[in-house]
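Okay, so here's the structure we're looking at.
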Amino acid sequence: MCAHVLVAEDDEMQAELIRRSLLAEGHSATVVHDGAAALDAARRLGPDLVVLDLMLPVIDGFGVCRVLRGGDPEIPVLMLTARSDEDDVLLGLELGADDYMTKPYSPRELMARIRTILRRSGRAAAVREEEPAVTAAGISVDPVRHQVRCDGQPVEVTPAEFQILLAMAGEPDRVFSRRQLLQCTRGFDRSSTERAVDVHVMNLRRKIEADPRRPVRLVTVFGVGYKLTGGRP
């Protein structure tokens, strides 16, 4: 299934992790960071699902859910909460949330919950036969089929390596810090540290570079991080 998901989360790193997880599942995503922006995006875009943090600025998640249910009660809502108070959870469900998750959560579990809600709601369209992959430096990353190709040849990568390539190919020539790349692997590589990103990069270079000791695709920007070059090597 392929859906458009509105993510309303004020923690930018968490929002980006959710966005990339959705892309890896073959969905599209719009991210906003406050409740007023969430309501505006919901009116304009008519998403198939809203992932809604309760602790949003301007208008909190309860207020957003209340307005959504008054306008389009058919849009499914998955609430995210850092609160474990049962009253908060019950209030969210009473306002019409379809499900909730308590932070911290596993991205894999979040995606599983999203799949369940979309199947139940019937709002998601079937995945298109030719969902576009992202491509940079001769590297093609297909988020639907979960495939990587280098100069047209298939490359076997780990889930964490896939997430790193998906992020970098989506924004070629952008320099990613180790911390940013580490966030891409959360839920796939729980024991990872920022230094472990160097190991992922080293392994990727063995797979996509003609000479891993002199990389021309996945290059180091000293003192900052790594980038995937935009042109072909």
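These numbers come from a predicted model, not from an experiment.
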Report the residues that fulfil side-chain contact (heavy atoms from CB on, under 4.5 Å) with [X], sequence neighbours left out, ordered by chain and then residue number.
X	value
Ile59	Ala36, Leu39, Val64
Glu209	Arg205, Pro215, Val216, Arg217, Leu218
Arg213	Asp211
Thr116	Arg119, Arg120

Single-linkage hydrophobic cluster, 4.5 Å side-chain cutoff, [X] and [Y] together:
X	Y	result
Val67	Val58	yes
Leu182	Met168	yes
Ile164	Val219	no

Check your understanding: Going through the distances and angles, do Leu52 and Cys65 end up as a side-chain contact (heavy atoms from CB on, under 4.5 Å)?
Key -> CA-CA 8 Å; Leu52 181 63; Cys65 190; 4.0 Å; yes
Please check this pair: side chain of [X] against backbone of [Y], looking for a donor-acceptor N/O pair closer than 3.5 Å.
X	Y	answer
Asp10	His33	no
Glu109	Ser106	no
Asp98	Leu78	no

Just to verify, what does [X] make a salt bridge (charged side-chain N to carboxylate O under 4.0 Å, His left out) with, not counting sequence neighbours?
X	result
Asp99	Arg113
Asp34	none
Arg20	Glu16, Glu171
Arg206	none

Point to revise | For Phe162, ring pair (Phe, Tyr, Trp, His ring centres under 6.0 Å) partners two or more places apart | key: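 Per chain and number, Phe162 pairs via ring pair (Phe, Tyr, Trp, His ring centres under 6.0 Å) with His146.
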Review point. With the threshold set at 4.0 Å, does a side-chain nitrogen-carboxylate oxygen contact exist between Asp142 and Arg149?
Key: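 Result for this pair is no, no salt bridge flagged.
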Point to revise | Worked verdict on Leu80 versus Lys103 for side-chain contact (heavy atoms from CB on, under 4.5 Å) | key: CA-CA 7 Å; Leu80 304 178; Lys103 299 178 181 179; 4.1 Å; yes
Exercise for review: Any chance you could pull the hydrophobic cluster mates of Val175, using side-chain heavy atoms under 4.5 angstrom and chaining through other members?
Suggested key: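 Reading the cluster by chain and number, Val175 sits alongside Val221, Val224.
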**Study point:** Cationic tip of Arg174 above Phe176 ring, under 6.0 Å, 45° of axis
**Key:**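 Arg174 over Phe176 ring: yes.
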Exercise for review: Go through Thr229 and Asp173 one step at a time and tell me if the side-chain contact (heavy atoms from CB on, under 4.5 Å) criterion holds.
Suggested key: CA-CA 5 Å; Thr229 56; Asp173 288 321; 4.2 Å; yes
Practice item. Could you list the residues that satisfy side-chain hydrogen bond (donor to acceptor under 3.5 Å, both in side chains) with Ser140, not counting sequence neighbours? Key: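 Listed in chain order: nothing, the list is empty.
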Practice item. With sequence neighbours excluded, tell me which residues meet side-chain hydrogen bond (donor to acceptor under 3.5 Å, both in side chains) with Asp40. Key: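 Expected list: Arg44.
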